[in-house]
Amino acid sequence: MKYVSEFRDKDRFNKLLQQIEQEADPSRDYHFMEFCGGHTHAIFRYGIAQRLPKHVEMVHGPGCPVCVMPSGRIDQAIALAHDPRVILCSYGDMLRVPGSGRNSLLKAKGEGADVRMVYSVMDALAIAEQNPEREVVFFAIGFETTTPPTALAIKTAQQRELKNFSVLCNHLLTPPAIRHILESPEVRELGTVSIDGFLGPSHVSTIIGCQPYQYFVEEYQKPVVVTGFEPVDLLQGILMLIRQHNQGIFEVENQYRRGVTELGNVKAQMLMAECFEMRTRFNWRGLGDIPYSALRIRSEFAEFDAELRFSLEEPVSREHKACQCGAILRGVKKPKDCKIFGKACTPETPVGPCMVSSEGACSAYYHFGPIEVQVVEK
C-alpha cells in the first residue's frame with residue numbers, strides 16, 4: 001500500500017536504528033519531546049522507545065486534546081447533558097474522561113442524560129436536524145486539526161437556519177502550549193526537563209504548516225522536525241534531530257513532506273479565522289492557564305455558542321490530588337513515577353486523563369511500555 005507499507009518496512013526500520021546508533025554521540029545525552037499524543041502512542045506501539053540508544057530519550061508532551069481538557073470543562077458538559085432539553089454530542093474518547101469527583105459523560109448517560117457519541121461534528125448537525133424540538137450541543141475539542149470541521153458545521157448551521165444547534169467550544173492551539181512548556185513559571189514547582197528538540201505534530205501541521213515553528217528555532221534555539229506517524233517516519237525524524245544537535249544548528253525541517261507544506265492549508269486557516277477568535281486565556285489540565293492558547297466562537301456566530309445560549313460561567317477545575325498528569329504532560333515525570341499508575345489508575349478505572357485517552361502517555365505505558373512490540377512489516 002503506497003504511503004503506508006513503505007513506512008513500516010522492517011529493513012528500513014532496522015537500518016535507521018543502526019544509523020541512529022552510529023550517529024548519536026555516546027558522550028552526550030539527547031532529550032527530544034514528541035508534542036503529539038499520536039506520536040507517543042506510535043513510539044510505544046512500534047517498540048521504538050525500547051530500541052533507541054540509552055542516551056537518546058523521548059520526552060512525552062501534552063499534545064493529546066483529551067488529556068489536557070480540565071475537569072471544569074468536563075463538569076460543564078456533564079451539567080449540560082443533565083438538562084432535559086439537551087442532547088449532548090461528543091467524540092468517544094471524551095465520554096470516559098473524569099471530571100471533578102470522577103464523574104464523566106458516560107456516567108451521566110447511565111443516569112439518564114441524553115449523551116450521544118459521534119464520529120464527526122456533522123453527525124451532531126444531522127442529529128439537530130432530526131430533533132428540532134431538542135437543543136443539540138456539540139462538545140468540541142481538539143487542536144488545529146479538528147477545528148476547521150467545527151467551523152464548517154457552524155457555517156452550515158447558519159446557512160440552514162438551524163436554531164437548535166450549538167457548540168461548546170474547547171479548541172486549542174499548539175504553538176502557545178510549546179512555548180508555555182519552555183518558559184512557564186510552574187517549572188519551579190514541578191521541576192524542569194531538558195529538551196534538545198521537538199518532533200512536530202504532523203496532523204496539526206497539515207493545517208498550520210511548518211512556518212509557526214520558526215519561532216522556536218529563532219527564540220529558543222530548539223530544532224523542530226515535523227514528522228509522520230509510521231515507524232520509519234518517527235526514526236527518520238529522530239535521526240534528523242540528532243544530526244542537527246550534533247552540528248549545533250537549529251532549523252525547522254519537514255520529514256512529512258507527503259502531507260505538510262510550508263504554509264499549510266490556507267483555506268482551512270481562513271475558515272477558522274472567520275468563525276473563531278482567540279480567548280485571552282484557557283486553563284489546560286496539568287498546565288494551568290495559558291494566554292491566547294484556545295479559541296472561542298466569534299460574535300457573528302454567537303447564536304451557535306453554547307456558552308452564551310446556556311449562560312455558562314467560567315468553570316472551576318479541581319484535579320485529583322494523587323494524579324501526576326500535570327508533571328507527565330510537561331515531560332517532567334514518566335507515568336511510572338506516579339504512585340497510582342497501574343493500581344488505582346488503570347484504563348478500566350482511570351483517575352487522570354492520560355490514562356483515559358489512547359493517545360495519553362499513561363495509556364501507552366500501560367499497554368505497551370514493558371513489552372517490545374514487533375509490528376513493523378515488510
Side-chain angles (χ1 to χ4, degrees), residues 7-36 39-63 178-179 181-183 187 191-202 205 210 213-257 327-328 330-337 361 364-365 368-370 372-374 376:
F7 290 96
R8 295 180 180 175
D9 184 274
K10 186 175 181 179
D11 289 342
R12 293 181 71 189
F13 181 87
N14 288 329
K15 185 177 179 181
L16 282 163
L17 277 175
Q18 290 174 0
Q19 286 181 275
I20 288 172
E21 185 78 44
Q22 292 166 359
E23 297 190 31
D25 184 348
S27 68
R28 62 170 69 175
D29 292 324
Y30 301 80
H31 306 279
F32 302 131
M33 174 176 275
E34 82 277 2
F35 179 87
C36 177
H39 279 161
T40 302
H41 183 79
I43 283 169
F44 280 93
R45 180 185 178 195
Y46 295 116
I48 290 172
Q50 297 94 327
R51 299 185 67 176
L52 288 172
K54 297 296 183 187
H55 56 298
V56 179
E57 182 190 11
M58 299 309 299
V59 180
H60 317 306
I178 297 176
R179 184 167 59 245
I181 289 169
L182 290 171
E183 63 182 20
V187 297
T192 186
V193 59
S194 175
I195 299 175
D196 300 311
F198 290 93
L199 287 181
S202 50
S205 303
C210 292
Y213 306 116
Q214 194 62 37
Y215 171 82
F216 303 102
V217 169
E218 296 172 357
E219 184 71 17
Y220 300 102
Q221 297 193 332
K222 304 289 184 186
V224 178
V225 176
V226 176
T227 309
F229 288 105
E230 299 299 337
V232 168
D233 288 320
L234 288 162
L235 290 184
Q236 284 178 339
I238 293 167
L239 182 60
M240 291 161 79
L241 285 174
I242 288 172
R243 286 173 173 169
Q244 285 204 46
H245 198 53
N246 286 348
Q247 296 169 30
I249 59 175
F250 314 101
E251 295 178 348
V252 178
E253 290 188 281
N254 184 7
Q255 182 278 336
Y256 195 58
R257 291 182 181 278
I328 293 167
R330 292 172 183 275
V332 176
K333 291 186 177 181
K334 301 290 187 185
K336 289 185 177 178
D337 296 330
Y365 264 75
F368 303 118
E372 186 171 305
V373 183
Q374 299 282 349
V376 289

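All residue numbers refer to positions in the sequence shown, counting from 1. Side chains are part of it too, since the values below use all heavy atoms of this structure and drop only hydrogens, waters and symmetry mates.
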Using side-chain hydrogen bond (donor to acceptor under 3.5 Å, both in side chains) as the criterion, list what pairs up with Arg243, not counting sequence neighbours.
-> Glu23
Going through the checks in order, is the side chain to side chain contact (heavy atoms under 4.5 Å, CB included) test met by His245 and Ile242?
-> CA-CA 5 Å; His245 198 53; Ile242 288 172; 5.7 Å; no
Quick one: CD on Glu57 to CG on Asp196, what's the gap to the nearest 0.5 Å?
-> 10.0 Å
Stepwise, does the side chain to side chain contact (heavy atoms under 4.5 Å, CB included) test hold for Ile328 with Asp337?
-> CA-CA 9 Å; Ile328 293 167; Asp337 296 330; over 6 Å; no
Say you draw a straight line from CD1 of Ile48 to CG of Leu235; how long is it, rounded to the nearest 0.5 Å?
-> 4.5 Å
Heavy atoms from other residues, nucleotides or ligands near CZ of Arg257 exceed 12 (cutoff 6.0 Å) | no
Say you draw a straight line from CG of Leu52 to CZ of Phe32; how long is it, rounded to the nearest 0.5 Å?
-> 9.5 Å
Calculate, to the nearest 0.5 Å, the distance between atoms CG and CD belonging to Leu241 and Gln255 respectively.
-> 10.5 Å
For Asp29, what residues pass the side-chain hydrogen bond (donor to acceptor under 3.5 Å, both in side chains) criterion, not counting sequence neighbours?
-> none
Tell me, do Ile20 and Pro53 make a side-chain contact under 4.5 Å, heavy atoms counted?
-> yes
Can you label the angle between the Tyr30 ring and the His55 ring as parallel, tilted or perpendicular, going by 30° and 60°?
-> tilted
Report the C-alpha distance between Val225 and Gln244 in whole Å, list the side-chain angles of each, state the deciding distance to 0.1 Å, and finish with yes or no for side chain to side chain contact (heavy atoms under 4.5 Å, CB included).
-> CA-CA 10 Å; Val225 176; Gln244 285 204 46; 4.2 Å; yes
Heavy atoms only: give me the nearest Ser202-Val226 pair and the separation to one decimal.
-> CA-CG1, 4.2 Å
Which atom names give the shortest non-hydrogen contact between His60 and Thr40, and what distance separates them?
-> ND1-CG2, 3.9 Å
Close side-chain approach of Arg51 and Asn14, heavy atoms under 4.5 Å = yes
Once the angle between the rings of Tyr215 and Tyr220 is folded into 0 to 90°, is it parallel (under 30°), tilted (30 to 60°) or perpendicular (over 60°)?
-> perpendicular
Partner residues of Thr227 under the side-chain hydrogen bond (donor to acceptor under 3.5 Å, both in side chains) criterion, sequence neighbours left out = none
Identify whether NZ of Lys or CZ of Arg in Arg12 sits under 6.0 Å from the centre of the six-membered ring of Phe7 and within 45° of that ring's axis.
-> yes
Check whether any side-chain heavy atom of Pro231 lies under 4.5 Å from a side-chain heavy atom of Arg8, and answer yes or no.
-> yes
Residues in ring pair (Phe, Tyr, Trp, His ring centres under 6.0 Å) contact with Phe229, at least two apart in sequence or another chain = His39, His203
How far apart are the closest heavy atoms of Glu251 and Val217, and which atoms are they?
-> C-CG2, 3.6 Å
Would you say the side chain of Tyr46 lies within less than 4.5 Å of the side chain of Glu230, judging by non-hydrogen atoms?
-> yes
Hey, are the side chains of Tyr213 and Pro201 touching, using non-hydrogen atoms and a 4.5 Å cut-off?
-> yes
Return the orientation label for the Phe198 and Phe216 ring planes: parallel under 30°, perpendicular over 60°, tilted otherwise.
-> tilted
Identify, with sequence neighbours excluded, every residue that meets ring pair (Phe, Tyr, Trp, His ring centres under 6.0 Å) alongside Phe250.
-> none
Working to the nearest 0.5 Å, report the span between CD1 of Ile238 and CG of Asp233.
-> 11.0 Å
Partners passing ring pair (Phe, Tyr, Trp, His ring centres under 6.0 Å) against Phe35 (at least two apart in sequence or in another chain) | Phe143
Take Ile178 and Val224, measure what side chain to side chain contact (heavy atoms under 4.5 Å, CB included) needs, and give me the verdict at the end.
-> CA-CA 11 Å; Ile178 297 176; Val224 178; over 6 Å; no
Measuring from Met33:CE to Met58:CE, what's the distance to the nearest 0.5 Å?
-> 9.5 Å
